[in-house]
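A quick write-up on the structure given underneath.
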There are 2 protein chains.
Amino acid sequence: MTEKSALALDNQLCFALYSASHAFGRAYRQFLDPLGLTYPQYVVLLVLWEKDDITVKDIGEKLFLDSGTLTPLLKRLEAGGLIRRIRDREDERQVRIRLTDSGRALKEKAQDIPKTIGCILDLPSDEVSALRRQLGDLRGKLQAAVSKP
Amino acid sequence: MTEKSALALDNQLCFALYSASHAFGRAYRQFLDPLGLTYPQYVVLLVLWEKDDITVKDIGEKLFLDSGTLTPLLKRLEAGGLIRRIRDREDERQVRIRLTDSGRALKEKAQDIPKTIGCILDLPSDEVSALRRQLGDLRGKLQAAVSKP
DNA sequence: CACCATTAGATTGTGCGCAAGATAAATTTT
DNA sequence: AAAATTTATCTTGCGCACAATCTAATGGTG
């Protein structure tokens, strides 16, 4: 009787994650639209606001995204005047990504987004940390399972 | 000193969710590829395996997806011979989705996927339930915040 | 009944996410 | 040094997500 239906939608952790993730995306949209950003573009900027002048590969490793996703996204950020893509002189295989003044300035306007989202979630900060850690563990286990076999 | 950087990637619950969700998708891929399914197609089938002969709208409400996403996805499932899309005689606006024999039969082959994923995650079932509930709460709060203002 | 709003789906356009394959530069081997 | 291998990025193609717009059918209202 513990079995019930393993295939029931409501029993699926993955679906809970999948649908919550999309809900997050829709919630962020209302704050990012005015900045002209999508959520993936925003997280790329989060990375650059922490450390500027890094390679596409560096960004990909932090965000778990490959160049097939990042190259066109970065081109759009460049077209929007927020970053520049510069071939590395030392190693011509690499492309270094640098914020423009305009890209750096956008950080100010994004400053309040996390707090606003935090208010919506209305969770104690230790619960948020716990969740973040658990999700990180999940991601780690899933990645390990995919890369090996 | 509690503030640190609200914009730091590692402090973002949303990013933890976003990256874990993608990791899930990549993990499922190796089990769904042999069945010729994508993850979104799989969750549509989960819904139909629980209750057959429902409308596109019904599916959309369970999965939090709109017709812009579902219509082409369902057409692909129909092209693959797993479902049929039938205009409702009573209300010609609706399209009812029904599993074919082949679509029903696929349930057998999908039966072991949740357990396999469960082994990868290797979490006590009460922790999984707790996570699922917390993620459901998050989704609810985010949805409420998006629809109102 | 005629009019108007609502509803269910379909369509169009944009932007991911990722697999697979291509290109070119660096590195290692021979 | 030439050849083979590895590495970083780009490109192509497919399938979501979703906003916005459209069409057609239904359900009121006066």
Side-chain angles (χ1 to χ4, degrees), chain A residues 15 18-30 32-34 36-44 54-61 63-80 85-97 139 142-143 146-147, chain B residues 15 18-30 32-33 36-45 54-61 63-80 85-97 139 142-143 146-147:
Chain A
F15 178 71
Y18 165 88
S19 57
S21 176
H22 288 316
F24 249 119
R26 292 188 281 267
Y28 267 87
R29 195 184 315 275
Q30 68 189 280
L32 293 177
D33 262 354
L37 294 176
T38 64
Y39 182 75
Q41 290 167 7
Y42 168 72
V43 292
V44 165
I54 57 179
T55 67
V56 174
K57 182 166 208 302
D58 293 333
I59 297 174
E61 281 172 359
L63 300 183
F64 311 100
L65 296 173
D66 67 9
S67 71
T69 300
L70 287 174
T71 297
L73 186 157
L74 292 168
K75 284 184 176 175
R76 281 186 285 272
L77 285 180
E78 185 175 43
R85 299 160 60 249
I86 303 153
R87 275 283 158 197
D88 192 313
R89 282 282 181 202
E90 308 285 301
D91 184 342
E92 293 259 348
R93 290 171 304 181
Q94 304 186 146
V95 171
R96 306 194 73 84
I97 308 299
R139 194 194 55 223
L142 292 165
Q143 278 172 336
V146 166
S147 41
Chain B
F15 177 71
Y18 165 88
S19 57
S21 176
H22 288 315
F24 250 119
R26 292 188 282 266
Y28 267 86
R29 195 184 315 275
Q30 67 189 278
L32 293 176
D33 262 354
L37 294 175
T38 64
Y39 182 76
Q41 290 167 7
Y42 168 74
V43 292
V44 165
L45 290 179
I54 57 179
T55 66
V56 174
K57 182 166 209 302
D58 293 332
I59 297 174
E61 281 171 359
L63 301 183
F64 312 100
L65 295 173
D66 66 10
S67 71
T69 300
L70 287 174
T71 297
L73 186 157
L74 291 168
K75 283 184 177 176
R76 281 185 285 271
L77 285 180
E78 184 175 43
R85 299 160 61 248
I86 304 154
R87 276 283 158 195
D88 192 313
R89 282 282 180 202
E90 308 285 301
D91 183 343
E92 293 259 348
R93 290 171 304 180
Q94 301 185 149
V95 170
R96 306 193 73 85
I97 308 299
R139 193 194 55 222
L142 292 164
Q143 278 172 335
V146 166
S147 41

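Below, chain A is the first sequence line, B the second, and so on; all start at residue 1. Computation of the quantities below employed the complete heavy-atom set of this structure, encompassing side-chain atoms and omitting hydrogens, waters and symmetry-equivalent molecules.
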Is a donor-acceptor pair below 3.5 Å formed from side chain A:Arg93 to base D:dT9, judging by atom type as modelled?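 No, the side chain and the base share no sub-3.5 Å donor-acceptor pair.
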If you go through the side-chain atoms of B:Ser67, does one of them form a donor-acceptor pair with the base of C:dA10 closer than 3.5 Å? yes
So if I take every side-chain heavy atom of [X] and compare against [options], which nucleotide ends up nearest?
X       : options                : answer
A:Lys57 : C:dA19, D:dA8, D:dA17  : D:dA8
A:Lys75 : D:dT11, C:dG9, C:dC18  : D:dT11
A:Asp91 : C:dA25, D:dT9, C:dT11  : C:dA25
B:Arg76 : D:dT9, D:dG15, C:dA19  : D:dG15
B:Val56 : C:dC16, C:dG9, D:dG15  : C:dG9
A:Arg29 : D:dT11, D:dC18, C:dG9  : D:dC18
B:Asp66 : C:dA10, C:dC18, D:dA19 : D:dA19

Has A:Arg85 got a side-chain N or O lying under 4.0 Å from the OP1 or OP2 atom of D:dC10?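 Affirmative; the distance criterion is met.
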Give a yes/no on whether any side-chain N or O of B:Thr69 is located under 4.0 angstrom from OP1 or OP2 of D:dC16.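 Checking D:dC16 against B:Thr69, no side-chain N or O comes under 4.0 Å of OP1 or OP2.
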Need to verify one output field. Residue with the more 5' nearest nucleotide on DNA chain C, B:Thr55 or A:Pro72?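 Whichever sits nearer the 5' end wins; that is B:Thr55.
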Regarding A:Leu70, tell me which of base, sugar-phosphate or nothing describes its non-hydrogen contacts under 4.0 Å with the strands shown. nothing
Within the structure shown, what part of the strands sits under 4.0 Å from B:Arg96 by heavy-atom distance: base, sugar-phosphate, or nothing? nothing
